[in-house]
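Reminder, nothing fancy here: chain letters follow the sequence lines and each chain counts from 1.
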Amino acid sequence: MEAELKSAYARYLLTLADDEIVIGYRDSEWTGVAPVIEEDVAFSSLAQDEIGHARLYYTLAGKLLGKDPDHLALLRPKDGYYHARLLEDRTTPKYDPAGNHQGGGDWARAIARRFLYDLFDDLRVEGLLASSDPELAGAAEKIRREEKYHLRHGEAWWRTLAEGSVEARERLEAALEAIWPDLLGLFEPAPGEEVLVEAGLIARTTDSLREPWLERVYPYFEAHALPFPGEKAGAEWRLRVEARTGGRQGIHGPGWDELYEEMTMVRRLEPEGTW
Amino acid sequence: MTYEERVEAFRKRIQEGHKVEATDWMPDEYRARLIKFIEMHANSELMGALPERDWILRAPSLHRKLAVTAKIQDEVGHAQLLYRLVEDLGKPREKIFEDLVQGRTKFHNVFHYPTYSWGDVGIIAWLVDGAAVISQGALQRSSYAPYGRTMRRICWEEAFHLKHGEDIVLTAVMGTEKQKRLMQEALERWWEPLMMFHGPPTPPEKDKDLAWGIKTKPNEQLRQEFLSTYVRKIQEIGLKIPDPKLKYDSDKGRWTYTEPDWDKLYAVVTGNGPASKERLSFRRLSLEETAWVRRAILGERAQAA
């Protein structure tokens, strides 16, 4: 593989892996504090799946870069992670050993983020099934099998929040309003994606998934008369929201500062050690 | 038959080894003791998720991250199974949580302590779970059959937790000095709570739960089994147990050790442990922040509870 292609491919794989690991980390925080115990268990499973997917992608990236998957996951500099900003914020309360716990747990946001991200990821992974890299194609197939259950879980909760009570619906609407700019940030491409399409490694660039995603998510809003920040004008969607980007360039917010600090804390004690 | 006669017949059946099912008639005292015992067990599984939960984000490799997440998921799953038993016995879940966060019901002493390092994660999964498996193994033969069956499944899963914990500890003690120190310091923090884990050496004839067959082994016997199982393993991997008096007395056929301060245990389990208030206030916060979700999915049932 020539250098330019190899570097673009590694960057793309890291982007995939970082998206999955960050949402996996954030969702794993619901273990022990979810609204009902059944959901502690369910959300934990979803999170474990995502971490497993991240590990597949890190392993592929590691082969290209000559690095160990754990190194890629836990020992890169803070601005060297390329996940979308949508995924990095905490949605659970945070425990403080001195008892000054931070609130802000928001199940509506956790559900809205996960479901709409899953719909995006499903389209993205679909475009990897026919990859010219058989290892990536194989990983995509395995991932897609699991994601089917994630979508079912998300759909059920989406309906519950939209229709379960006035209060739940208001919370869902508020969460959606807050995350729209970051949802659109999902479509910020990694550098060099055109080269990957040319080489047949991926079917579509990330920004080209925006229209199909809008087509796919709109019916879920329409079915429950949830506010949608735009409409279709001819063949194109016109949205009233601006995307907040930067994630794919390593630019992140305070949610990432907090998560990065936590997730690397133990490993940094002995970075080269066996744990 | 009078009530007293029925109770006597029930007691006799239990002593003969008969098991009780949820739908069987049972004395009020038996039901009340079962609820209290199983509820405390369930609360412990749930509250036990909190000290370990802090380390889900901090696990030092992808493999450990997956294992820690799955382990804590198991614990919460155990809470779910056990709460169902309590619900079957007549106490609704909302009431259970209400009593828990108000400090009216208890959870196990070990979950009232803070965690400081990755060492705690290893020691908890290996030795705290190890101590729990010894109790739970004995509970498989509880006179209350649904509890015994649930315990068989739980013990099966706990066996993986011990391996997971032992592997974390072993990997660290074979690592650098810094890693080994994490484990030694954690062992020193956990030894006293571990020695208290099985409760004071109440004489078997005074232990009502034992008399009803809810549990099947006296506290001191469980502690002795714990020591027989783990002391040698701990020493073999080069960790030092912080009790100079600990030794096996072969004449008496039992372990001798520094007597734990049982008043301290009582203070800990009644909500005055080093992290009791913080853990309960966190549980309360998380319940409050998600109350709207339960209202949305349970509708009027949640209102009524």
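Within 6.0 Å of the CD atom in Glu155(A), the count of heavy atoms belonging to other residues, nucleotides or ligands exceeds 12. More than 12 heavy atoms of other residues, nucleotides or ligands shown are found within 6.0 angstrom of CZ on Arg152(B). Sparse packing is recorded around CD of Glu177(A), with 12 or fewer heavy atoms of other residues, nucleotides or ligands lying under 6.0 Å away. Within 6.0 Å of atom CD in Glu236(B), more than 12 heavy atoms from other residues, nucleotides or ligands are found, so the atom counts as buried in its surroundings. Few gaps surround NZ on Lys94(A); more than 12 heavy atoms of other groups in view lie less than 6.0 Å from it.
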*Would Asp96(A) and Phe282(B) satisfy side-chain contact (heavy atoms from CB on, under 4.5 Å), going step by step from the backbone distance to the final call?*
CA-CA 8 Å; Asp96(A) 173 59; Phe282(B) 188 67; over 6 Å; no

*Should Thr69(B) and Gln48(A) be marked as a side-chain hydrogen bond (donor to acceptor under 3.5 Å, both in side chains) after you check the CA-CA gap, both sets of side-chain angles, and the distance that decides it?*
CA-CA 7 Å; Thr69(B) 314; Gln48(A) 288 171 55; 5.6 Å; no

*Which is it for Arg58(B) and Glu29(A) under the salt bridge (Lys or Arg N to Asp or Glu O under 4.0 Å) test, yes or no, and what are the steps along the way?*
CA-CA 11 Å; Arg58(B) 302 171 188 164; Glu29(A) 285 183 285; over 6 Å; no

*Would Asp40(A) and Gln80(B) count as a side-chain contact (heavy atoms from CB on, under 4.5 Å) if you check the C-alpha gap in whole Å, the side-chain angles of each, and the deciding distance to 0.1 Å?*
CA-CA 10 Å; Asp40(A) 285 281; Gln80(B) 183 193 353; over 6 Å; no

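With a 4.5 Å cut-off on non-hydrogen atoms, Tyr58(A) touches chain B through its side chain but not through its backbone. Using a 4.5 Å cut-off between heavy atoms, Leu182(B) touches chain A through its side chain atoms alone. Only the side chain of Lys65(B) has a heavy atom closer than 4.5 Å to any heavy atom of chain A. Only the side chain of Arg171(A) comes within contact range of chain B, judged by heavy atoms closer than 4.5 Å. Neither the backbone nor the side chain of Arg284(B) comes within contact range of chain A, judged by heavy atoms closer than 4.5 Å. Interface remark: Gln102(A) contributes backbone atoms only to the contact with chain B (heavy atom separation under 4.5 Å). Both the backbone and the side chain of Met263(A) come within less than 4.5 Å of a heavy atom of chain B. When heavy atoms are compared at a cutoff of 4.5 Å, Leu75(A) does not approach chain B at all. Heavy atoms closer than 4.5 Å to chain A are found in both the backbone and the side chain of Leu57(B). With a threshold of 4.5 angstrom between heavy atoms, Ala54(A) does not approach chain B through any atom at all. Heavy atoms closer than 4.5 Å to chain B are found in the side chain of Ala73(A), but not in its backbone.
Lys178(B) places a side-chain N or O within 3.5 Å of a backbone atom of Leu269(A) that can act as its donor or acceptor partner. Proximity of a side-chain donor or acceptor of Arg294(B) to a complementary backbone N or O of Pro35(A) within less than 3.5 Å is detected.
In this structure, CZ on Phe97(B) lies 4.0 Å from CD1 on Ile37(A), to the nearest 0.5 angstrom. Rounding to the nearest 0.5 angstrom, the gap separating the CG atom in Asn100(A) from the CD atom in Glu278(B) is 9.0 Å. Going from atom CG of Asp74(B) over to atom OG of Ser44(A) covers 8.5 Å, rounded to the nearest 0.5 Å. Between Tyr95(A) atom OH and Leu285(B) atom CG the span is 12.0 Å, to the nearest 0.5 Å. For the atom pair Thr274(A) OG1 and Met174(B) CE, the distance stands at 8.0 Å (nearest 0.5 Å).
Highest contact tally toward chain A, considering only Gly175(B), Ala291(B), Ala49(B), Ser281(B), is held by Ser281(B) [criterion: heavy-atom pairs under 4.5 Å]. Per-residue heavy-atom pair counts under 4.5 Å with chain A were compared for Glu52(B), Met47(B), Arg279(B), and the maximum is reached by Arg279(B). The greatest number of non-hydrogen atom pairs below 4.5 Å with chain B, out of Gly24(A), Ser45(A), Gly52(A), is found for Ser45(A). Your options are Ala47(A), Gly32(A), Gly273(A), Pro271(A), and the one with the most heavy-atom pairs under 4.5 Å with chain B is Gly32(A). For chain A, the option among Leu62(B), Ile168(B), Asp54(B), Leu50(B) with the highest count of heavy-atom pairs below 4.5 Å is Leu62(B). If you tally non-hydrogen atom pairs under 4.5 Å between each of Ala70(B), Gly122(B), Pro114(B), Gly48(B) and chain A, the highest count goes to Ala70(B).
Between Arg93(B) and Glu38(A), at least one side-chain N (NZ, or NE/NH1/NH2) sits under 4.0 Å from a carboxylate O, which counts as a salt bridge.
When all heavy atoms of Trp275(A) and Arg64(B) are compared, the pair lying nearest together is O-NE, 2.6 Å. Shown here for Ser61(B) and Arg267(A), the closest heavy-atom pair between the two residues is CB-NH1, 4.2 Å.
For the residue pair Gln73(B) / Thr31(A), no side-chain donor-acceptor distance below 3.5 Å is found, with atom types taken as modelled.
Between Pro93(A) and Glu289(B) the shortest side-chain heavy-atom distance falls below 4.5 Å. You'll find the side chain of Arg53(B) reaches within 4.5 Å of the side chain of Val33(A), heavy atoms only. Using a 4.5 Å cut-off on side-chain heavy atoms (C-beta onward), Ile297(B) and Trp157(A) make contact.
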